[in-house]
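Working notes, structure below.
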Amino acid sequence: MILTKQYRCIHSASCACTKGHLSEDVIFLVFQQLNWNPKLIATLSCTCKWFDDLAKRVLWKEFCRVRAPKMMLDLQSSGSHSVDGNWRALGKLLIYCSGCTRGGLFNSIQIPGHFVYRTRFSRTSGKSFLLPQCRTDVLYVSDPCEHLDQGEEGDVGFFRGVFKSFSMSKVRKMLIKKGAQLHPTEVCPYCKAKLWSMLQAKMIPQSASCRLGAYEDCIEYYVCLNGHLLGICTLLPLSDSEEASE
C-alpha cells in the first residue's frame with residue numbers, strides 16, 4: 001500500500017510535534033504488527049491533529065477490514081472507496097455498544113456504553129429490520145448486546161447496524177417521502193449525524209422482534225443520516241424466545 005509521506009504536523013501551529021513525525025509508511029507497518037489495535041489507534045489519535053487525520057484515513061480503515069473483511073468488501077462493492085460517516089465511526093460501531101442515558105435517546109433507563117470484545121453482524125438478519133418494500137436494501141445488524149435484570153425494564157438488548165450506500169437506499173427515500181422528522185436534540189453516537197426514528201415513521205416490521213427474540217411492542221431503533229442504525233429492545237425470557245422462534 002503506497003501512502004503519501006508527511007513528516008510535520010500540517011494542521012496546527014500550536015502542535016507540540018515540532019520535530020516532525022515518522023513517515024506514514026512506518027506507522028502503517030507498526031500498527032500492522034499490532035493487528036490494528038483499536039485502543040492504540042484511539043490513543044494515537046489524541047496525540048495531535050496530524051495523527052488523528054492519519055488514523056481517520058488509514059488506520060481505522062485497516063482495522064475495519066481486518067475485523068469484518070467480508071462485510072467491508074460488501075460495503076465497498078458499489079465502487080466507493082470510503083463509507084458513509086467515515087472509517088472511525090464504522091470502527092467504533094463494530095466494537096462499541098452505545099448504551100443509553102436517562103432522558104436521552106432511549107430515555108427510560110441508564111445503562112453506560114461500553115466496548116465489546118466481539119460482535120457478529122449479519123446481512124441476513126438485517127432483512128428482518130426492513131419493510132418488505134425495502135428489502136432490496138443492504139443492512140448489516142448485530143446480535144443484541146444483552147443487559148440482564150434491569151429492574152422494571154427486564155432484560156434489555158442493544159443492537160446496532162449499518163446500511164450499504166444509505167444515500168441511495170429505499171429506506172431513506174421512504175423516510176423523506178413520509179416527511180419523517182429528525183430528532184431535535186440527539187445525534188448518532190458513532191458519527192454525530194442527526195437521527196430518524198423508525199418507530200415514529202412506523203417502519204419497524206414485526207419480523208424485527210422475532211429476529212431479536214424481543215417483545216413486539218418493546219423495540220425501537222433509529223437510523224442516522226449516514227446510515228448507522230442503533231436500537232433497543234426488551235428481550236423475551238429464554239424459554240419464551242425459543243418458542244417464538246419455533
Please tabulate, for the side chains in residues 31-40, all donor-acceptor contacts under 3.5 angstrom to protein atoms that are two or more places apart in sequence or on a different chain.
residue, atom, partner, partner atom, Å
N37, OD1, K39, N, 2.9
N37, OD1, L40, N, 3.2

*Ion pair present between D137 and K127, side-chain N to carboxylate O less than 4.0 angstrom?*
no

*asked:* Treating Y222 as the side-chain partner and C188 as the backbone partner, does any N or O pair qualify as donor plus acceptor under 3.5 Å?
replied: no

*asked:* Please verify the inter-ring angle class for W60 with F63; under 30° counts as parallel, over 60° as perpendicular, anything in between as tilted.
replied: perpendicular

*asked:* With a 4.5 Å cut-off on side-chain heavy atoms, are F106 and E220 touching?
replied: yes

_Any carboxylate oxygen within less than 4.0 angstrom of a Lys/Arg side-chain nitrogen, looking at K70 and D74?_
no

_For I41 against L59, the heavy-atom pair lying closest together_ = CD1-O, 3.8 Å

*Closest contact, heavy atoms only, C191 versus C224*: SG-SG, 3.6 Å

*Of the non-hydrogen atoms in V141 and S125, which two are nearest, and what is the gap between them?*
O-CB, 4.4 Å

_Would you say that more than 12 heavy atoms from the other residues, nucleotides or ligands in this model lie under 6.0 Å from the CD of Q181, or not?_
no

*Under a 4.5 Å cut-off applied to non-hydrogen side-chain atoms, are M71 and L94 in contact?*
yes

_Pairwise side-chain contact, V171 with F166, heavy-atom cut-off 4.5 Å (strictly under)_ = yes

_Quick check for you: to the nearest 0.5 Å, what is the distance between Q133 atom CD and L131 atom CG?_
5.0 Å

*For residues S128 and S207, report the shortest heavy-atom separation together with the two atoms involved.*
O-OG, 2.7 Å

*Any side-chain donor near an acceptor of the partner, R211 and S122, under 3.5 Å*: no

_To the closest 0.5 Å, what do you measure between CG (D155) and NE2 (H147)?_
11.0 Å

*For R88, does its backbone N or O pair with a side-chain atom of N86 as donor and acceptor, under 3.5 Å?*
yes

*Interatomic distance, L139 atom CG to F163 atom CZ [nearest 0.5 angstrom]*: 4.5 Å

*Any side-chain heavy atom of V223 within less than 4.5 Å of one from M198?*
yes

*Taking a hydrophobic cluster as the set of Ile, Leu, Val, Met, Phe, Trp and Tyr residues connected by side-chain heavy atoms closer than 4.5 Å, whether directly or through intermediates, do I27 and W87 fall within one such cluster?*
yes

*Looking at P237 and Y215, what are the two nearest heavy atoms and their distance?*
CD-OH, 3.4 Å

*Measure up the Y96 and Y190 rings against each other and bin them: parallel (under 30°), tilted (30 to 60°), perpendicular (over 60°).*
perpendicular

_Does any part of the side chain of K178, heavy atoms only, come nearer than 4.5 Å to the side chain of M203, both counted from C-beta?_
yes

*Is any side-chain heavy atom of C233 less than 4.5 Å from a side-chain heavy atom of V156?*
no

*Test side-chain contact (heavy atoms from CB on, under 4.5 Å) applied to I219 and F159, step by step*: CA-CA 10 Å; I219 176 172; F159 53 96; 4.2 Å; yes

_Please determine whether side chain to side chain donor-acceptor pair (under 3.5 Å) holds for the pair S77 and K164, giving the CA-CA distance in whole Å, both sets of side-chain angles, and the decisive distance to 0.1 Å._
CA-CA 9 Å; S77 63; K164 175 182 177 180; 2.5 Å; yes

*Is it true that L199 and L212 fall in one hydrophobic cluster, defined by side-chain heavy atoms closer than 4.5 Å?*
yes

*Mind checking whether Q76 and R65 have side chains closer than 4.5 Å, heavy atoms only?*
yes

*When you check the side-chain N and O atoms of R160 and T119, is any donor under 3.5 Å from an acceptor?*
yes

_Verify same cluster id: L225, L229 (apolar side-chain graph, 4.5 Å)_ = yes

_Tell me if the CD atom of Q206 is crowded by more than 12 foreign heavy atoms within 6.0 Å._
no

_Same cluster or not: F158 versus L235, using hydrophobic residues (I, L, V, M, F, W, Y) connected whenever any side-chain heavy atoms lie under 4.5 Å apart?_
no

*Go through the steps to decide whether M168 and S165 satisfy the test side-chain contact (heavy atoms from CB on, under 4.5 Å), and finish with yes or no.*
CA-CA 6 Å; M168 298 180 287; S165 303; 3.6 Å; yes

*Are any non-hydrogen side-chain atoms of S169 and M174 less than 4.5 angstrom apart?*
no

*Stepwise, does the side-chain contact (heavy atoms from CB on, under 4.5 Å) test hold for I204 with Y221?*
CA-CA 8 Å; I204 298 181; Y221 50 93; 3.7 Å; yes

_C97 SG to I111 CD1 distance, which is reported to the nearest 0.5 Å_ = 8.0 Å

*asked:* Looking at E24 and R57, is any side-chain nitrogen of the basic one under 4.0 Å from a carboxylate oxygen of the acidic one?
replied: yes

*Path from V66 to V162 over hydrophobic side-chain contacts below 4.5 Å*: yes

*Looking only at non-hydrogen atoms, find the nearest pair between K194 and P184 and report the distance.*
NZ-O, 3.4 Å

